[in-house]
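Notes follow the structure.
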Amino acid sequence: MSQFVFSVPAKGDFETTVAQVTAALKVEGFGVLTTIDVAATLKAKLGIEGRPYVILGACNPHYAHQALEADPDIGALLPCNVVVRTEADGSVSVVFMDPAAVLGMVDRPQITTLGIEVRDKLQRVADAVRG
């Protein structure tokens with residue numbers, strides 16, 4: 001596992017977990033800007049059957065605005081991606097981009113602080129999924 005992500009096992013099935021993650025993100029002030037159905041894309045473009053796998057592009061407008069004001073180039077590191085995927089054994093995992101690690105690459109105190117605050121919010125989403 002990369003140092004730029006953290007993950008939790010989900011208790012529900014894939015569809016239930018996607019809905020649960022989306023709802024928990026909303027509680028923490030995030031919206032889902034994009035939903036990329038990786039499995040469907042691979043099927044359509046390459047004819048490859050794969051396990052369910054989606055990438056949710058989550059954004060908290062309050063924090064995104066602060067980050068963009070501090071450094072307009074930070075948009076290249078946004079939004080916070082959250083992956084929901086079905087594992088080979090049928091279990092479901094939720095993987096979160098760690099914004100503290102990713103935004104820490106910018107090496108500016110204001111951005112680092114924002115990354116830590118956003119990570120705390122995403123950790124609460126992870127806790128809600130884990131139960």
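The basis for the numbers below is simple: all heavy atoms, side chains too, and nothing from hydrogens, waters or symmetry mates. Computed from a prediction, not measured in an experiment: that's the story for all the values here.
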Closest heavy-atom contact between [X] and [Y]?
{"X": "P61", "Y": "G29", "result": "CD-O, 3.6 Å"}
{"X": "Q123", "Y": "R130", "result": "NE2-NH2, 3.5 Å"}
{"X": "C59", "Y": "L33", "result": "CB-CD1, 3.4 Å"}
{"X": "G50", "Y": "A39", "result": "O-CB, 4.2 Å"}

Report yes if some heavy atom in the side chain of [X] is under 4.5 Å from a heavy atom in the side chain of [Y]; otherwise report no.
{"X": "F96", "Y": "R119", "result": "no"}
{"X": "T113", "Y": "E117", "result": "yes"}
{"X": "S93", "Y": "P9", "result": "no"}
{"X": "T112", "Y": "L103", "result": "no"}
{"X": "N60", "Y": "K121", "result": "yes"}
{"X": "Y53", "Y": "T86", "result": "no"}
{"X": "R51", "Y": "R85", "result": "no"}
{"X": "V54", "Y": "V38", "result": "no"}

(message) What verdict does the side-chain contact (heavy atoms from CB on, under 4.5 Å) test give for L56 and V21, after you've listed the backbone C-alpha separation in whole Å, the side-chain angles of each residue and the deciding distance to 0.1 Å?
(response) CA-CA 9 Å; L56 305 173; V21 169; 3.9 Å; yes
Quick one: [atom1] on [X] to [atom2] on [Y], what's the gap to the nearest 0.5 Å?
{"X": "S91", "Y": "D13", "atom1": "OG", "atom2": "CG", "result": "12.0 Å"}
{"X": "D71", "Y": "D73", "atom1": "CG", "atom2": "CG", "result": "5.0 Å"}
{"X": "H65", "Y": "L114", "atom1": "NE2", "atom2": "CG", "result": "11.5 Å"}
{"X": "I55", "Y": "T35", "atom1": "CD1", "atom2": "OG1", "result": "10.5 Å"}

(request) Would you kindly confirm whether V27 and L122 end up in one hydrophobic cluster when ILVMFWY residues are joined by side chain heavy atoms under 4.5 Å apart? (result) no
(request) Consider only side-chain heavy atoms of I, L, V, M, F, W and Y, link residues closer than 4.5 Å, and tell whether I116 and L68 are in one cluster. (result)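 Different clusters: I116 never reaches L68 through Ile, Leu, Val, Met, Phe, Trp or Tyr contacts under 4.5 Å.
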(message) Let's go through V84 and V92 carefully: what are the C-alpha distance in whole Å and the side-chain angles of both, what is the deciding distance for side-chain contact (heavy atoms from CB on, under 4.5 Å) to 0.1 Å, and is it a yes or a no?
(response) CA-CA 7 Å; V84 180; V92 177; 3.8 Å; yes
(message) I'd like to know if the side chain of Q20 reaches the main chain of E15, judged simply by a donor and an acceptor atom lying under 3.5 Å from each other, with no hydrogens or angles considered.
(response)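 Looks like no, no N/O pair under 3.5 Å.
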(message) Let's go through F30 and V118 carefully: what are the C-alpha distance in whole Å and the side-chain angles of both, what is the deciding distance for side-chain contact (heavy atoms from CB on, under 4.5 Å) to 0.1 Å, and is it a yes or a no?
(response) CA-CA 10 Å; F30 291 86; V118 174; 3.8 Å; yes
(request) Start with the C-alpha distance between M97 and V102, add both sets of side-chain angles, then the distance that settles side-chain contact (heavy atoms from CB on, under 4.5 Å), and finish with yes or no. (result) CA-CA 8 Å; M97 178 192 86; V102 173; 3.7 Å; yes
(request) Determine the sole option in V18, T17, T16 for which the side chain to side chain contact (heavy atoms under 4.5 Å, CB included) test with F14 is passed. (result) V18
(message) Do the side chains of R124 and D127 get close enough for a salt bridge, i.e. N-O under 4.0 angstrom?
(response) no
